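Not measured: the values here are computed from a predicted model. Here is how names work: the chains are called A, B, and so on, in the same order as the sequence lines, proteins then strands, and each is numbered from 1.
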Amino acid sequence: MTLRIFNVLGREKQDFVPLNEGHVNMYVCGPTVYDNSHIGHAKTYVAFDVITRYLRATGLDVLYVQNITDVGHLLDSGEDRILKKAAQTQAKPMQIVETYAKAYFDAMDKLGVQRPDISPRASGHIPEMFKMIETLLEKENAYVSNGSVYFDVSSDPNYGKLSNRRLQEQEAGTREAVRGEKRNPEDFALWKRAEPEHILRWDSPWGEGFPGWHIECSAMALKYLGATFDIHGGGIDNIFPHNESEIAQSECANDAEFARYWILVGSLTVDGIKMSKSLGNFITIDDALKQFPAPVIRYFMQSVHYSNPVDYSDDAMNGAARGWERLANAVRLARQMGRSAPEGSEGIAFEERLGTLRADFTAAMDDDFNTPQAIASLQEFTRDVNTFLNSGTAIGRITLDAILDTYEATAGKVLGILPSPEADSGSAQREAALIQMLIDLRVQARKAKNWAESDRIRNELAAIGVILEDRADGTVWKVG
RNA sequence: GGCGACGUGGCCAAGGGGUAAGGCAAGGCUCUGCAAAAGCCUGAUCACCAGUUCAAAUCUGGUCGUCGCCUCCA
């Protein structure tokens, strides 16, 4: 079975064949760091995190580049969004950038998103952009106008091939101020002349200015991944004009195909509508983490295929939380049983079921990273695991470890949704020992049928977040 | 107006020509001092209409509806 990917370029599912066998070069459009990251970012970057993890799990060597945009883009008011924020907070632009770049990485770390191999910043690649712009000028794909440089869309017959947009059909609704400088309204800026009040500015062959809206990705992708690379990712909302323009610039400048596979992620809405500050439905990742643990958020994001839009709502999140809980409980039970299990391989016949789960999981992921299907496989598997663990038959350490290894290889390493293991630190061990002492006391009370005392211990532990569950073979605990 | 996605049981959501995965919720049951956890059982003909076909939720055309993009956006 080979991996198949829905290539937005061409809109069909294709066998994935890397340019260089065994290696995958991937570029994903990163965030503009001018504010806290929200759950829409979480959806996109969790998706590419899982994609990267899966590619690596299949043995591919992935080089994952994701930019940090820190040069600002124009707002429709004509203001630069980073400058706008800087004015609001009386801070220097680069202070804003630094603050939110850190916040972005913090948020991603908390979500268990593995960091890209390279996180290049636009502001550090101005020379690379110059070079590409100059090439485009030499080849007459671009022209200078009043201190700015524009890409001449009419010079690229392929413009529109990703988004299926043909020029004539678009509204010519560009801002008045800029329209006069362009030959065609559809032309986009490679370099923009800086007005006097513009703080973020660089010297350039065309005067002081700042980079256009799309050139950074083209320049950085070229630098780190080469003219042609395997996968370009991002949010579907950037398909036009951003991704389309990236392709145009790069393919005209490099005389080579740009990205071979385009993977674009569906957007996230909140209660059915797009997040926006003015609507007050803007949910940051930190807000979400106050309500739900990271694995639940990941589970939720992956319960819908990456290419589909997902709607964030209390009902959906609570459903995801309960569903995740079921998987997590089975894993935690297996871990607990492992601590007191006999060393042997009793119950090893269950291994056959481990094999089918791995096969089902792989088949699902090979089919365009079908995480909802993969999770369904895990849920069915978990039903069988629960039946097995609760069957009362002796289960040896080797068998329990095999079950846990299987969870780790699928839900853990690839999906990143396993509950964190109980820490091995000294204080955690002390805590566990104390809890065990209380459990032992309660066992005495239960033997004496002292239900009041038994319930008191359980309730008081519950109040501090330790949940006790009585099983036929003893009492287990978990942090709730 | 143009481009694109989508409409599957109360909710979330896979599938996508051969007769509807999975999760949540609900009800019943088993286990159980109670609780929790876990397991078992119960439910949809796939927005609507018209075609193609031996066969359609899956293909084609149309209708209605929802969402996103077309200006920065993950």
Side-chain angles (χ1 to χ4, degrees), chain A residues 8 11 28-32 34-35 37-48 66 69 72-77 79-81 160 163-166 168-175 178 186 213 233-242 244 264-269 272-276 299-300 303-305 307-311 313 315-327 329-330 332-333 360 364 367 370-387 389-391 446 449-451 454-455 458-459 462 467-472 476 478 480:
Chain A
V8 177
R11 316 255 166 177
V28 173
C29 288
T32 302
Y34 66 104
D35 205 342
S37 303
H38 57 247
I39 52 179
H41 294 116
K43 179 187 192 287
T44 298
Y45 299 121
V46 164
F48 286 107
Q66 183 194 105
T69 296
H73 288 320
L74 287 178
L75 293 174
D76 52 2
S77 62
E79 286 179 279
D80 180 289
R81 64 189 348 180
S163 60
N164 285 328
R165 283 170 214 248
R166 276 143 298 173
Q168 307 304 332
E169 293 165 353
Q170 300 304 307
E171 286 182 11
T174 321
R175 279 164 292 111
V178 182
E186 301 83 11
W213 315 330
I236 188 75
D237 49 340
N238 270 335
I239 189 171
F240 188 90
H242 181 64
E244 197 68 72
L264 300 179
V265 177
S267 299
L268 179 141
T269 54
I273 44 180
K274 185 166 180 172
M275 262 191 296
S276 80
Y299 181 97
F300 171 70
S303 68
V304 181
H305 186 78
S307 63
N308 288 345
V310 62
D311 188 48
S313 67
D315 279 356
M317 282 305 293
N318 288 325
R322 300 285 297 116
W324 175 79
E325 207 53 59
R326 181 156 171 277
L327 290 183
N329 283 339
R332 289 191 281 227
L333 177 58
D360 291 347
D367 183 17
N370 192 334
T371 53
Q373 187 65 57
I375 287 175
S377 303
L378 281 164
Q379 288 287 6
E380 291 185 286
F381 173 68
T382 295
R383 185 192 55 224
D384 293 341
V385 169
N386 278 323
T387 299
L389 295 183
N390 292 313
S391 63
R446 292 183 73 213
K449 296 202 188 302
N450 185 350
W451 307 130
S454 159
D455 290 347
R458 186 170 63 197
N459 290 338
I467 310 297
L468 300 192
E469 287 171 13
D470 297 323
R471 294 168 47 78
V476 298
K478 67 179 179 186

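Remark: N238(A) is in phosphate contact with C73(B), judged by side-chain N or O atoms under 4.0 Å from OP1 or OP2. Between A38(B) and N329(A), a contact under 4.0 Å exists linking OP1 or OP2 to a side-chain N or O. Of the side-chain N and O atoms in N318(A), none sit less than 4.0 angstrom from OP1 or OP2 of A25(B). Within the 4.0 Å cut-off from OP1 or OP2 of C40(B), at least one side-chain nitrogen or oxygen of R383(A) is found. Taking side-chain N and O atoms only, R165(A) has no distance below 4.0 Å to OP1 or OP2 of G4(B). The phosphate of G39(B) has OP1 or OP2 within less than 4.0 Å of a side-chain N or O from N386(A).
One finds the NZ atom of K43(A) at 10.0 Å from the OG1 atom of T269(A) (value rounded to the nearest 0.5 Å).
Between the side chains of N386(A) and R383(A), no donor-acceptor pair of N or O atoms lies under 3.5 Å.
Nucleotides A47(B) and C6(B) are separated by 11 Å at their C1' atoms, to the nearest Å. Across the C1' atoms, A20(B) and A56(B) are found 13 Å apart, a figure rounded to whole Å. With both ends at atom C1', the span from G7(B) to C12(B) equals 14 Å, rounded to whole Å. Between A50(B) and G39(B), the two C1' atoms lie 48 Å apart (nearest whole Å). Here, C24(B) and A14(B) have their C1' atoms 15 Å apart, quoted to the whole Å. Look at the C1' atom in both C49(B) and G15(B): the space between them is 24 Å, to the nearest Å. Between G27(B) and G9(B), the two C1' atoms lie 15 Å apart (nearest whole Å). Comparing the C1' positions of U52(B) and G62(B) gives an interatomic distance of 15 Å, to the nearest angstrom.
Base pairing of U45(B): no nucleotide in any strand meets the Watson-Crick or G-U wobble criterion (both distances under 3.5 Å). Pairing of C54(B), defined by two Watson-Crick or G-U wobble distances under 3.5 Å, is identified with G18(B). If you check C31(B) for Watson-Crick or wobble pairing at under 3.5 angstrom, you find it has no partner at all. With a 3.5 Å ceiling on both atom-pair distances, the Watson-Crick or G-U wobble partner of G68(B) is C3(B). Checking C73(B) for Watson-Crick or G-U wobble geometry (two distances, each under 3.5 Å) identifies no partner in any strand.
Closest to the R446(A) side chain, of the nucleotides C12(B), C72(B), C34(B), is C34(B).
Evaluation of W451(A) against the base of G33(B) yields a stacking contact (centre distance < 5.5 Å, interplanar angle < 30°).
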